[in-house]
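Read through the structure below, which is laid out as structure tokens, and then see the notes.
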Amino acid sequence: MTTADTSPGHLAFWARPDDERAAVFAALRRHDGLPWIPFRDPTPFSGGVGGFHAVVRHADVVTASRNAGMFANSPNAASLYDIPPWLTRYLDSMIQKDGPEHARMRKVVVRAFSPRMLARLEADIRARAFRIVDDVLAQRSGEFVTGVAQRLPVAVICSMLGLDDSHHDLVARHGNTLVGSTDPEYTGVRRSYLLHHGAPGVRHVVSLSARLAFAGEALHRLVRRTGRDRLREPRDDLVSTLVHADVDGERLTPHEVATLFILLVLAGSETTRATITHALRLLTAHPEQREHLLADVEGRIGAAVEEVVRHASPVLQFRRTATADGELGGTRVRAGDKLLLFYTSANRDEAVFDDPDRFDITRSPAPHLGFGAPGPHYCLGANLARTESRVLLTELLTRAPTIRAVGEPDRLLSNFVNGIKRQRYTL
């Protein structure tokens, strides 16, 4: 890895087209062991020169995910860069925890994503999807991300937390800032600078830090206040469930509920909207797959969503940190080493998927890792994300079967989320 745009450790790499990135990862999978990727983060976040082990093969991602004792989410799973304490306040959710602390929080939160709770939510999801498609039919063309794909997951998460519709724009706006922390539209740093240096420079850190802190505090304050209200006056919503002790005495504090909400916005809402938008893009680019799906939308939409998640990998990677000396994939790993689990590479692993770069909604089996790999940190919201994507896409393709993407998408510049900021559509 000798140049910036061929190294996953440099932001310029993530500005390359999907097929070019896939070719680099295919080459990395042919390496023996775990490739070592150097990077230089010129911000104070990481302290300068460093690097990470690239976990690019499906089997190695699964092994690391199952062994949370050796490969920890703490201190930070959602960023290659070490997050400073003042920002950790907003992002210190259960995804950054391990061991008993993680187990306690997950035990409480899992109730929100039980089959019974999802069944209760589905009627609301269907009603909201119906109204969204009403608008699509009335307008007939427009911007797909904000007008269609973003609306449903933001509305569902706010509804779960007992927040009314007036908060949707605020949640979406601040969520964009947090998940887009490496994109010039949200950082205020010139794209040319980011692509050349790989990250914001020291002189940009104050401005970027202020933006991130403002967004984090706005979301945190909104739900923290709601949590305190529900402690006094419980309602039939998720916040009330989380802040009141169950029969085992487990509950979340208002602060923990607020960080969970930010996690749901970043890892739930933002990635679900990416899945829905990538579905439109891929079905437009592959008309034969589109026709196959349209022939039996209800019967085939589930497999189609799985293939979109596999092919697009809305979450590109998560980080782990080695807690002790050990081994993974034939490579010696030392305590403190950073490892990046590249789901985007594991989901194209030739050892698991035939012709892995082909988009094929009939693919079976398709054991993708788009929602993480089996283990204690497997995505709790996976079935909610599947339901939202399946319901909205079914509504779109049934009532607006001619809908298609127009032009190239405006992609998020990110090494974490395979996001799309804007995508035009027409009927």
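- By the salt bridge (Lys or Arg N to Asp or Glu O under 4.0 Å) test, D169 pairs with no residue at all, sequence neighbours left out.
- Considering only heavy atoms from C-beta on, R386 comes within 4.5 Å of N383 through its side chain.
- No close placement of the H368 and H58 rings is indicated, their centers lying 6.0 Å or farther apart.
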Would E122 and R390 count as a salt bridge (charged side-chain N to carboxylate O under 4.0 Å, His left out) here? Give the steps.
CA-CA 11 Å; E122 187 156 347; R390 174 175 53 80; 3.7 Å; yes

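- Pairs engaging residues 118-138 under the ring pair (Phe, Tyr, Trp, His ring centres under 6.0 Å) rule: none recorded [sequence neighbours left out].
- Side chains of R21 and N418 form a contact here, defined as non-hydrogen atoms less than 4.5 Å apart.
- When the side-chain contact (heavy atoms from CB on, under 4.5 Å) test is applied to A218, the partners found at least two apart in sequence or on another chain are H174, R221.
- Sorted by first then second residue, the ring pair (Phe, Tyr, Trp, His ring centres under 6.0 Å) pairs that include residues 287-310, not counting sequence neighbours, number zero.
- A search for salt bridge (Lys or Arg N to Asp or Glu O under 4.0 Å) contacts involving D98 returns nothing, not counting sequence neighbours.
- Applying the salt bridge (Lys or Arg N to Asp or Glu O under 4.0 Å) criterion to R228, with sequence neighbours excluded, gives no partner residue.
- Applying the side-chain contact (heavy atoms from CB on, under 4.5 Å) test to A149 and every residue at least two apart in sequence or in another chain returns F144, R273, I276, T277.
- Shown here are the ring-ring contact (aromatic ring centres under 6.0 Å, His included) partners of F359, two or more places apart in sequence or in another chain: H286, H311.
- Here R424 pairs with nothing under the salt bridge (Lys or Arg N to Asp or Glu O under 4.0 Å) rule; sequence neighbours left out.
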Please output the side-chain donor-acceptor pairs of residues 151-162 that fall under 3.5 Å, not counting sequence neighbours, one pair per line with the distance.
| from | atom 1 | to | atom 2 | distance (Å) |
| --- | --- | --- | --- | --- |
| R151 | NH1 | D135 | OD2 | 3.0 |
| R151 | NH1 | G147 | O | 3.2 |
| R151 | NH2 | D135 | OD2 | 3.1 |

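- For A405, the side-chain contact (heavy atoms from CB on, under 4.5 Å) partners at least two apart in sequence or on another chain are L280, T284, Q423.
- For P287, there are no side-chain contact (heavy atoms from CB on, under 4.5 Å) partners at least two apart in sequence or on another chain.
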